[in-house]
Peer 1: 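Next up is a structure, given as structure tokens.
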Amino acid sequence: MIITLKDGSTRAYESPMSVLEIATDISGGLGRMATAGEVDGKVVDLRTIVDKDCELNILTFDNSDAGKAAYRHTTSHILAQAVKRLYPEAKCAIGPAIEDGFYYDFDMPSLNREDLDKIEKEMKKVIKENHKLEYFELPREEAIKLMQEADEPYKVELIEDLPEDAIISFYKQGDFTDLCAGPHLMSTKAVKAFKLISSSGAYWRGSEKNKMLTRIYGTSYTKKQDLADRLAYLENIKNRDHNKLGREMELFTTVDVIGQGLPLLLPKGAKMVQTMQRWIEDLEDNEWGYVRTKTPLMAKSDLYKISGHWDHYKEGMFVMNDNEEAGKETMALRPMTCPFQYYVYKNSQHSYRDLPIRMGETSTLFRNEDSGEMHGLTRVRQFTISEGHLIVRPDQMVEEFKGCLALAKHCLQTLGVEEDVTYHLSKWDPENTEKYIGTPEEWDEMEGAIRDILTELDIDFTEDVGEAAFYGPKVDINAKNVYGKEDTMITVQWDSLIAKQFDMYYIDQNGDKVRPYIIHRTSMGCYERTLAWLIEKYEGKFPTWLCPEQVRVLPISEKYIDYAETVAKELKKNGVLVTVDNRSEKIGYKIREARKARLPYWVVVGAKEEEEGNVAVSSRFAGNEGVKPVAEFVDQICKEIRTKEIRKVEEQ
RNA sequence: GCUUCGAUAGCUCAGGUGGUAGAGCACUUCACUCGUAAUGAAGGGGUCGAGGGUUCGAGUCCCUUUCGAAGCUCCA
């Protein structure tokens with residue numbers, strides 16, 4: 001047989017050989033490093049016998065994600081073996097490799113750090129014992145019997161749910177056998193460095209209706225240093241966490257008696273949000289053809305009954321006076337702006353010539369999230385988004401949808417975060433149709449249209465089932481927080497269904513009433529969430545135009561406070577956010593504080609500067625920027641703010 | 001909502017086995033009037049998240065509750 005390797009070279013073998021044997025034949029080193037193989041694009045075990053011509057790629061921990069996964073998957077089996085030894089009553093559920101590590105779920109009492117340390121010790125023993133991992137397959141009945149005898153009910157359930165023709169495979173290592181599709185390393189000793197990170201609860205099969213199991217998270221590496229680096233990184237990212245840094249920098253806070261998910265934006269945080277809001281509103285209205293609306297924050301339940309929210313999402317709304325006490329109406333705080341803007345549209349009759357109509361609103365929304373869901377500024381019960389609805393003719397839909405994506409891209413670019421997002425086509429779940437309105441045909445058409453647009457725009461995207469809004473599919477633009485968790489930052493939604501519910505129409509050339517299509521979209525998403533994102537992205541060192549304090553004037557001593565105030569006044573006159581540090585402190589102390597506050601610029605003024613009408617400029621981008629006339633500095637910083645420049649730190 | 005962990009001064013934290021609360025920073029006052037990452041001194045500040053219980057006595061032990069963190073589930 002002829003084996004074609006990754007580099008295009010070929011090797012010929014007389015008889016069938018395992019992946020491991022071929023890897024070892026290529027080089028002893030590769031044989032030792034190999035964690036799995038890839039035959040004609042399919043990931044396989046090292047034990048897999050290759051018996052015909054194929055393309056073969058030897059996977060290692062370092063050269064591929066699948067290679068890492070095999071390594072960590074074996075680590076998770078070592079974990080399971082150790083747990084079963086220490087806690088014989090524990091039942092095994094599942095234990096896959098994940099990005100940056102692995103986990104294993106057990107039905108057992110919860111664990112604290114001490115328990116994890118004990119388990120780690122036992123794992124080290126298992127590794128040292130150097131068990132071979134042996135692969136074997138069983139027919140369905142025997143597989144079920146084996147797991148029943150082992151008293152592993154979760155494994156039995158997993159086998160029973162496998163398709164009839166599935167190969168049911170196991171890996172045995174010493175006294176531990178686990179149902180597993182593999183691939184796996186050859187022996188436990190191959191795992192060189194690992195750490196159990198944490199434990200928590202996790203529902204069996206991801207459903208809250210099922211029992212909560214105990215999940216143990218861990219990670220493993222081939223080099224001790226890599227593990228140490230990873231642990232240091234995990235420790236370090238806490239310093240970027242917006243929920244910590246944002247509070248430290250006095251951008252926001254929360255108060256017990258005000259409630260969960262209700263952050264208070266402090267003056268600095270509020271200023272940043274104001275800066276973004278003014279930018280977005282002007283951008284939309286002046287350059288992207290939007291009109292502005294301002295609609296109520298609450299409405300009678302009747303409105304939500306028409307929109308479908310009452311049926312689909314009442315649980316997520318803050319409803320007031322639901323039982324109609326004292327003859328008062330039932331009201332609800334709005335969880336979205338859609339129907340309000342529809343009534344703006346319906347206020348007058350529209351010709352086909354009027355469309356598209358693009359309505360923008362800086363919209364405050366209320367969502368009654370479950371108590372465990374709240375997080376800093378990213379998951380809150382009241383937030384404000386750059387919301388908008390476009391009412392368009394069907395023939396305009398594609399162009400307008402593209403326009404919304406272009407605006408979103410422009411916003412991302414301006415904030416300097418374009419590289420950090422992923423695009424998703426969020427589709428409905430055909431298995432769960434009662435969650436949605438519309439027919440399968442309508443959904444196919446809407447999803448197909450979005451797919452075509454994204455493909456045409458050459459945007460990389462994934463397709464996510466069950467992520468659509470109840471009225472239509474959408475493009476979600478997501479970003480990861482420092483912990484790797486994804487949040488939707490921007491959304492553009494296709495809706496050809498709702499207009500009917502609200503009896504929206506326009507008059508076409510023939511004088512007939514026609515249903516418009518609707519695009520629900522945000523240009524830059526939710527201001528609170530975006531602020532959180534920027535805090536983490538920039539570690540609090542924001543682009544100058546977004547900074548709540550752009551310059552601080554530092555008089556050398558109290559004698560120069562008057563001149564400092566003059567300088568500040570000149571900057572303020574030009575729209576620069578400036579303060580004066582007029583405390584009776586040494587200049588070194590004031591500079592230290594200015595740096596600690598992550599200010600973009602601080603200017604020192606003393607006798608020399610006052611005499612000549614200068615300022616001594618320093619910045620976090622370039623350090624000392626020299627002494628220059630006030631007017632020159634004003635010009636410089638105003639230009640940077642006006643152009644929304646994202647100035648880079650210069651190498652020293 | 002579920003599992004686990006946590007809450008001590010504005011912030012970061014220390015307070016074996018129960019004996020009546022402490023540090024650094026911050027804040028206030030005074031002195032210093034200063035040239036590029038912390039001037040010195042003095043002072044104020046806590047019903048130890050809240051409520052209940054055990055006890056002669058609770059920051060410490062138990063229960064309830066509120067808020068916070070990680071994960072799960074959810075996220076129009």
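Chain A is the first sequence line, chain B the second, and so forth, proteins listed ahead of strands; every chain is numbered from 1.
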Peer 1: Output the pairing pattern of RNA chain B as a dot-bracket string, 5' first, Watson-Crick or G-U wobble with both distances under 3.5 Å, | for cross-strand pairs, [ ] for crossing pairs.
Peer 2: (((((((..((((.....[..)))).(((((.......))))).....(((((..]....))))))))))))....
Peer 1: Please name all residues satisfying salt bridge (charged side-chain N to carboxylate O under 4.0 Å, His left out) with A:D444, sequence neighbours left out, ordered by chain then number.
Peer 2: none
Peer 1: Using a cut-off of 4.0 Å on non-hydrogen atoms, how would the nucleic acid contact of A:K608 be classed: base, sugar-phosphate, or nothing?
Peer 2: base
Peer 1: Does any donor atom in the side chain of A:T337 or A:E361 lie under 3.5 Å from an acceptor atom in the other side chain?
Peer 2: no
Peer 1: May I ask you to say what A:A594 touches in the nucleic acid, namely base, sugar-phosphate or nothing, with a heavy-atom cut-off under 4.0 Å?
Peer 2: nothing
Peer 1: Measuring only the C1' atom in each nucleotide, how far is B:C61 from B:G40? A whole number of Å is fine.
Peer 2: 46 Å
Peer 1: The criterion is side-chain contact (heavy atoms from CB on, under 4.5 Å); which residues satisfy it with A:K271, sequence neighbours excluded?
Peer 2: A:Q274, A:T275, A:P548, A:L577
Peer 1: Determine whether more than 12 heavy atoms belonging to other residues, nucleotides or ligands lie under 6.0 Å from atom CD of A:Q501.
Peer 2: yes
Peer 1: Near RNA chain B, which residues from residues 332-344 of chain A have a heavy atom under 4.0 Å away?
Peer 2: A:P335
Peer 1: Please state how far atom CG in A:L213 lies from atom P in B:U4, giving the value in whole angstrom units.
Peer 2: 13 Å
Peer 1: What integer number of Å spans the C1' atoms of B:G16 and B:G10?
Peer 2: 30 Å
Peer 1: Checking A:R515 now: which residues fulfil salt bridge (charged side-chain N to carboxylate O under 4.0 Å, His left out) with it, not counting sequence neighbours?
Peer 2: A:D503
Peer 1: Separation of A:E558 atom CD from B:C30 atom P, in whole Å?
Peer 2: 11 Å
Peer 1: With rounding to whole Å, what would you report as the distance between B:G46 and B:U20 at their C1' atoms?
Peer 2: 14 Å
Peer 1: Is the cationic atom of A:R215 (NZ for Lys, CZ for Arg) positioned less than 6.0 Å from the six-membered ring centroid of A:Y103 and within 45 degrees of its normal?
Peer 2: yes
Peer 1: Classify every nucleotide of nucleotides 69-75 of chain B by which part a protein heavy atom approaches to under 4.0 Å, writing B for the base, S for the sugar-phosphate alone and - for neither, in 5'-to-3' order.
Peer 2: SSBBBBB
Peer 1: Which residues satisfy the side-chain contact (heavy atoms from CB on, under 4.5 Å) test with A:K121, sequence neighbours excluded?
Peer 2: none
Peer 1: So, using side-chain contact (heavy atoms from CB on, under 4.5 Å) as the criterion, who are the partners of A:D115 when residues are at least two apart?
Peer 2: A:Y87, A:L111, A:N112, A:K118
Peer 1: If you pin A:Y471 and A:V257 to their nearest nucleotides in RNA chain B, which one's is more 5'?
Peer 2: A:V257
Peer 1: Verify the contact: side-chain N or O of A:Q260 to OP1 or OP2 of B:U66, cut-off strictly under 4.0 Å; return yes or no.
Peer 2: no
Peer 1: Could I get the full list of salt bridge (charged side-chain N to carboxylate O under 4.0 Å, His left out) partners for A:K211, not counting sequence neighbours?
Peer 2: A:D107
Peer 1: What pairs with A:V380 under side-chain contact (heavy atoms from CB on, under 4.5 Å), at least two apart in sequence or on another chain?
Peer 2: A:P263, A:F383
Peer 1: Measure the distance from NE2 on A:H520 to P on B:A76 and round it to the nearest whole Å.
Peer 2: 13 Å
Peer 1: Can you give one letter per nucleotide of nucleotides 36-45 of chain B, 5' to 3': B if a protein heavy atom sits under 4.0 Å from the base, S if only from the sugar-phosphate, - if neither?
Peer 2: BBBB------
Peer 1: When the side chains of residues 518-531 of chain A are checked against the rest of the protein, which donor-acceptor pairs come out under 3.5 Å, sequence neighbours left out?
Peer 2:
{"from": "A:H520", "atom 1": "ND1", "to": "A:H389", "atom 2": "NE2", "distance (Å)": "3.2"}
{"from": "A:H520", "atom 1": "NE2", "to": "A:Y342", "atom 2": "OH", "distance (Å)": "3.4"}
{"from": "A:H520", "atom 1": "NE2", "to": "A:D495", "atom 2": "OD2", "distance (Å)": "2.8"}
{"from": "A:R521", "atom 1": "NH1", "to": "A:E284", "atom 2": "OE2", "distance (Å)": "3.1"}
{"from": "A:R521", "atom 1": "NH1", "to": "A:Y290", "atom 2": "OH", "distance (Å)": "3.1"}
{"from": "A:R521", "atom 1": "NH2", "to": "A:E284", "atom 2": "OE2", "distance (Å)": "3.0"}
{"from": "A:R521", "atom 1": "NH2", "to": "A:S386", "atom 2": "O", "distance (Å)": "3.1"}
{"from": "A:R521", "atom 1": "NH2", "to": "A:E387", "atom 2": "O", "distance (Å)": "3.3"}
{"from": "A:T522", "atom 1": "OG1", "to": "A:T491", "atom 2": "N", "distance (Å)": "3.3"}
{"from": "A:T522", "atom 1": "OG1", "to": "A:G525", "atom 2": "N", "distance (Å)": "3.4"}
{"from": "A:S523", "atom 1": "OG", "to": "A:E284", "atom 2": "OE2", "distance (Å)": "2.6"}
{"from": "A:S523", "atom 1": "OG", "to": "A:S386", "atom 2": "OG", "distance (Å)": "3.2"}
{"from": "A:E528", "atom 1": "OE1", "to": "A:T384", "atom 2": "N", "distance (Å)": "3.0"}
{"from": "A:E528", "atom 1": "OE2", "to": "A:T384", "atom 2": "N", "distance (Å)": "3.3"}
{"from": "A:R529", "atom 1": "NE", "to": "A:T378", "atom 2": "O", "distance (Å)": "2.9"}
{"from": "A:R529", "atom 1": "NH1", "to": "A:T488", "atom 2": "O", "distance (Å)": "2.8"}
{"from": "A:R529", "atom 1": "NH2", "to": "A:T378", "atom 2": "O", "distance (Å)": "2.8"}
{"from": "A:T530", "atom 1": "OG1", "to": "A:M524", "atom 2": "O", "distance (Å)": "3.1"}
{"from": "A:T530", "atom 1": "OG1", "to": "A:C526", "atom 2": "O", "distance (Å)": "2.8"}

Peer 1: How far does the C1' atom of B:A9 sit from the matching atom of B:G22, given to the nearest Å?
Peer 2: 10 Å
Peer 1: Sort out for me which residue in A:T214, A:T75, A:L79 forms a side-chain contact (heavy atoms from CB on, under 4.5 Å) with A:Y104.
Peer 2: A:L79
Peer 1: Using a 6.0 Å cut-off, check whether atom CD of A:E434 has over 12 heavy atoms from anything other than its own residue.
Peer 2: yes
Peer 1: Return whichever of A:L111 or A:F366 has its heavy-atom-nearest nucleotide of RNA chain B closer to the 5' end.
Peer 2: A:L111
Peer 1: Does the ring center of A:F502 lie less than 6.0 Å from the ring center of A:Y345?
Peer 2: no
